[in-house]
Visitor: 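I have a structure here, written as structure tokens, and I will follow up with some questions on it.
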Amino acid sequence: MLTAFYYDRLISLHTIDRQELQKIYEAGKNGFLACSVCGEAVKLYLGIKSAPYFYHYSSKQPCMTEAPNVEEEQAATIDINYEEKNGFRIPKSRSISKNSTENTPFQPPMSVKATSHTSEIAKSKPVTFPKESYLTILKQNGYSLDTTQSKAVAIDDGPILVLAGAGSGKTRVLTMRAAYLIHEKNVDPSSIMLVTFTNKAANEMKERLLHYPMMNKSYVQKIVSGTFHSILYQILIFHEREKWQRNKLLNSNWQRELLLKEIAREKQVEEKDFPFDAALQLISAWKNSMLFPKEVKPVNDWEEKVAQLYIGYETKKQQRNLYDFDDMLLGGYHFFLENPTILESYQRRFTHFLLDEFQDINKVQYEWMRLMAKSAQSVYAVGDDDQSIYSFRGSDPKYLLDFEKDYPNAKTIILDYNYRSSQEIVSVAKSTISKNTKRRTKKMITGYSGKHPLAFYPYDEEEEATMILSDIQEKIKMGYEPKDFAILFRTNTNSRAMFERLASSSLPFRLEQDTGSFYQRFIVKSMMAYLKLIHDPDNQQAVADILPTLFLKKTVLQDIKATSILEDCSFLDCLVFIKTGFAFQESRLKKIPEIIKRLIRYSPLDAINYIEKELGFQEFIKKRGNEGNQWDKGSDDIRDLKVVARKFQSIKEFVQYTDHMIAMNEELRKQFKNEENVISLSTIHRAKGLEYKTVYILGTVDGSIPHDFALDSFRNNNIIPLEEERRLLYVAMTRAQQELFLSIPMYLRGKKAKASRFLSPLSITAFTSEKKDCPII
């Protein structure tokens with residue numbers, strides 16, 4: 001059914017502007033759509049595999065054999081753009097042309113295929129071993145290995161690099177190698193060091209080891225296992241207990257940020273809008289690259305500021321005998337350099353090193369490991385250069401790529417059998433990553449064939465979220481469980497619309513990150529403060545939030561409070577009394593209360609545009625917005641806010657909605673925190689190492705993935721960030737077991753978008769499926 005009544009006016013999906021579909025969808029949810037034949041309530045279907053259509057959701061099922069009059073359908077050409085006047089909702093304008101220049105037709109989904117045969121389906125070959133071999137015992141107990149896995153487990157000592165492709169069973173190989181060394185090679189478990197990158201991975205490996213035949217707690221507890229940080233901390237606390245006491249550790253980000261803010265005040269850096277989280281991340285990357293304060297060479301003004309804070313940060317820590325997590329690595333490395341006798345004792349003790357996620361190692365970790373393993377019988381490194389995605393932490397895939405340079409006698413084994421994903425998914429992933437220039441070539445073999453990945457084309461991020469939600473709801477009715485789904489995105493801002501759509505559904509989900517609501521981001525909160533003052537001029541928090549945008553210090557708030565009492569006026573009206581010593585600034589402040597009050601007649605979108613241009617908000621973003629944060633720009637936040645604002649006619653309704661979303665963020669975070677059967681809404685970085693039956697990748701367009709930062713670097717002849725972005729997409733693709741969906745929105749944050757350049761090696765062809773009648777539900 002392609003026609004329906006919307007507020008008593010006939011509309012047709014043949015002629016309506018594409019950008020209005022989300023508005024029509026919301027209207028159907030709220031009961032404002034009616035069947036053009038029988039008058040019963042209908043909804044709009046917005047999904048991935050079918051074009052939009054109207055359907056009944058009552059128990060009645062008329063109209064299946066009836067259709068609206070063709071002339072009526074052709075006449076239904078209005079532009080659904082309403083405004084409220086005197087309590088009535090009336091259209092702003094009506095189109096009289098069927099062919100609108102703004103109308104973008106619905107584009108059906110397309111099958112995504114590799115342009116050439118880049119992977120193959122093969123059966124895993126059985127391997128036989130002597131009866132007394134530990135590998136035979138493993139097999140007898142149900143732990144089978146394929147040919148290359150067996151070779152990797154049983155290889156002789158020496159430097160060994162295991163290139164473990166996505167889904168190739170690297171954790172099984174790594175843990176079986178440890179058990180093999182103990183029971184086949186008679187290696188003392190206390191001489192084995194197993195290094196991981198997360199505590200979760202370390203615990204998982206210990207758990208696996210306990211289940212292998214002939215292994216028990218005694219063996220597992222003797223193996224020194226854990227992260228670089230945890231192992232080094234144990235060593236440091238043993239030798240220098242006083243220096244490395246736990247109460248001296250800056251354990252949380254807020255503690256480190258507090259110290260950095262103290263230094264910022266001393267150096268007269270305004271705290272209110274400075275991105276301390278980004279500064280701490282950059283300082284950490286410098287430290288992990290073994291760049292001390294005097295060795296840092298800033299490349300721009302932002303890095304120059306951070307470099308100055310870095311000097312103060314290290315000085316304050318030393319003065320107060322404090323340390324952070326990065327100091328554990330640097331401290332451990334220098335401790336051994338300064339104590340060669342102690343180093344030698346550890347070198348004698350540990351004869352076998354097993355290193356997980358070797359592609360994510362940074363300079364200080366690598367140099368420390370080389371010190372420790374100088375006399376070792378075996379250095380066994382497992383990793384995949386195609387999954388190196390943590391350069392912002394100082395990680396560098398060059399240590400994996402150049403392994404043979406430091407270990408000339410190294411043996412290399414490639415685990416190229418993917419046990420996770422279908423041949424169609426593996427082919428597309430391999431075809432994508434093969435365009436990187438700095439990588440090791442790998443074959444990719446799979447055990448089964450399945451569905452081709454699908455590309456779908458929403459109008460924008462709002463429609464994207466609706467289409468994914470509809471698809472998930474359909475699949476759950478077919479028997480899928482929430483835990484079967486992952487929705488992956490490049491940066492936190494990309495998740496805003498999807499979070500809101502899931503929050504309004506009854507589906508359980510978890511946002512896999514420790515961030516607040518989109519509406520609590522600094523730039524967004526500042527803009528929303530202006531809108532809040534329109535209806536509540538005495539909103540103290542809103543006044544506090546707009547002060548940085550007016551280039552006023554937070555201490556001004558105290559003056560405003562006092563003036564409010566003396567002059568008996570609202571906090572907003574107090575702005576006219578502020579004295580700054582600058583005539584231009586004082587003149588602008590005097591105009592703001594009157595302007596803010598006048599905006600009550602504006603729509604949320606018009607109000608935001610006005611505040612941007614007339615109240616100096618654009619100038620604020622340029623000068624002091626998310627300065628230095630290369631991933632999340634303040635201007636992007638405002639564009640995303642405008643996408644939401646478009647859905648609302650009144651500012652009051654918009655403000656209430658954003659407040660509700662902030663509350664929902666906290667409520668849902670607590671509600672589903674410990675549940676397992678939930679939909680995962682996650683950044684690609686956090687999804688690494690995980691797998692799901694169905695994966696949706698949001699915003700596979702230039703500017704999202706690859707990110708703008710990588711594109712800017714590429715324009716300046718730096719290809720490294722762009723290649724890491726391609727690895728990110730590869731990691732996202734290879735999380736999928738059975739189904740992979742790539743969303744290619746036509747607009748992103750209100751701007752025309754272009755399909756990601758990473759998809760260019762792929763063949764995108766028409767998707768075919770059985771045609772079904774539109775259901776009446």
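Numbers here simply count residues along the sequence, with the first being 1. The structure presented is a predicted model; accordingly, all values stated were derived computationally and were not measured.
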Visitor: Do the side chains of Arg208 and Glu204 get close enough for a salt bridge, i.e. N-O under 4.0 angstrom?
Guide: yes
Visitor: Applying ring-ring contact (aromatic ring centres under 6.0 Å, His included), which residue pairs with at least one partner in residues 148-176 are found, sequence neighbours left out?
Guide: none
Visitor: About how many Å separate OG1 of Thr171 and CD of Glu357, when rounded to the nearest 0.5 Å?
Guide: 7.5 Å
Visitor: Restricting to salt bridge (Lys or Arg N to Asp or Glu O under 4.0 Å), what partner residues turn up for Glu481, sequence neighbours left out?
Guide: none
Visitor: Scan residues 337-347 for pairs that pass side-chain hydrogen bond (donor to acceptor under 3.5 Å, both in side chains), counting only residues two or more places apart or in two chains.
Guide: His239-Tyr346, Glu344-Arg348
Visitor: Between Lys435 and Glu723 (salt bridge meaning N to carboxylate O under 4.0 Å), is one present in this structure?
Guide: no
Visitor: With ring centroids as reference points, do Phe228 and Phe197 lie under 6.0 angstrom apart?
Guide: yes
Visitor: Can a side-chain donor-acceptor contact be found between Ser427 and Gln423 if the only test is distance below 3.5 angstrom?
Guide: yes
Visitor: Closer than 4.0 angstrom, basic N to acidic O: yes or no for Asp157 and Lys411?
Guide: no
Visitor: Can you tell if the side chain of Arg735 reaches within under 4.5 Å of the side chain of Ser421, non-hydrogen atoms only?
Guide: no
Visitor: In chain order, what residues pass the side-chain contact (heavy atoms from CB on, under 4.5 Å) check against Gln738, with sequence neighbours excluded?
Guide: Tyr448, Lys693
Visitor: Below 4.0 angstrom, N of the basic side chain to O of the carboxylate: do Asp324 and Lys287 qualify?
Guide: yes
Visitor: Taking atom CZ of Arg256 and atom CG of Asn251, what is their separation to the nearest 0.5 Å?
Guide: 11.0 Å
Visitor: What's the separation between atom CG in Leu343 and atom CE in Met372, rounded to the nearest 0.5 Å?
Guide: 7.5 Å
Visitor: Partners of Tyr407 by ring-ring contact (aromatic ring centres under 6.0 Å, His included), sequence neighbours excluded?
Guide: Phe403
Visitor: Salt-bridged, Arg440 to Asp384, with N to O below 4.0 Å?
Guide: no
Visitor: Regarding Tyr366 and Asp406, do their side chains bring together a donor and an acceptor under 3.5 Å, going by distance alone?
Guide: yes
Visitor: Determine which pairs satisfy ring-ring contact (aromatic ring centres under 6.0 Å, His included) with at least one residue from residues 161-191, sequence neighbours left out, and list them in order.
Guide: Tyr134-His183, His183-Tyr219
Visitor: According to salt bridge (Lys or Arg N to Asp or Glu O under 4.0 Å), who are the partners of Asp385, at least two apart in sequence or on a separate chain?
Guide: Lys442
Visitor: List the residues meeting side-chain contact (heavy atoms from CB on, under 4.5 Å) with Tyr143, not counting sequence neighbours, and say none if there are none.
Guide: Leu138, Asn141, Arg172, Met176, His211, Tyr212, Pro213
Visitor: Hey, could you give me the CG/CG distance between Leu210 and Asn216, rounded to the nearest 0.5 Å?
Guide: 8.0 Å
Visitor: With the side chain counted from C-beta on, respond yes when Lys317 and Asp327 share a heavy-atom pair under 4.5 Å apart, and no when they do not.
Guide: yes
Visitor: Has the side chain of Asn436 got a donor or acceptor atom that lies under 3.5 Å from a matching backbone atom of Lys438?
Guide: no
Visitor: Under the side-chain contact (heavy atoms from CB on, under 4.5 Å) rule, collect the residues that match up with Glu240, sequence neighbours excluded.
Guide: Leu236, Lys243, Trp244, Phe335
Visitor: Would you sort out whether Thr700 and Ser756 count as a side chain to side chain donor-acceptor pair (under 3.5 Å), showing the intermediate values?
Guide: CA-CA 5 Å; Thr700 48; Ser756 171; over 6 Å; no
Visitor: Exactly one of Ile684, Leu681, Ile705 should register a side chain to side chain contact (heavy atoms under 4.5 Å, CB included) with Leu488. Which one does?
Guide: Ile684
Visitor: Hey, are Thr147 and Ser150 close enough side-chain-wise for a donor-acceptor pair under 3.5 Å?
Guide: no
Visitor: Listed by chain and number, what are the side-chain contact (heavy atoms from CB on, under 4.5 Å) partners of Thr432, not counting sequence neighbours?
Guide: Val428, Arg726, Leu729, Met733, Phe758, Leu762
Visitor: State the OG-CG distance between Ser388 and Leu400, to the nearest 0.5 angstrom.
Guide: 8.5 Å
Visitor: Give the intermediate values and the outcome of ring pair (Phe, Tyr, Trp, His ring centres under 6.0 Å) for residues His685 and Tyr390.
Guide: CA-CA 8 Å; His685 285 97; Tyr390 293 111; 5.6 Å; yes
Visitor: Phe485: which residues meet the ring-ring contact (aromatic ring centres under 6.0 Å, His included) condition with it, sequence neighbours left out?
Guide: Tyr480
Visitor: Can you run down the side-chain hydrogen bond (donor to acceptor under 3.5 Å, both in side chains) pairs that involve residues 192-201, sequence neighbours left out, and say none if there aren't any?
Guide: none
Visitor: Just verifying a value: how many Å separate Asn288 CG and Ser395 OG, rounded to the nearest 0.5 Å?
Guide: 7.5 Å
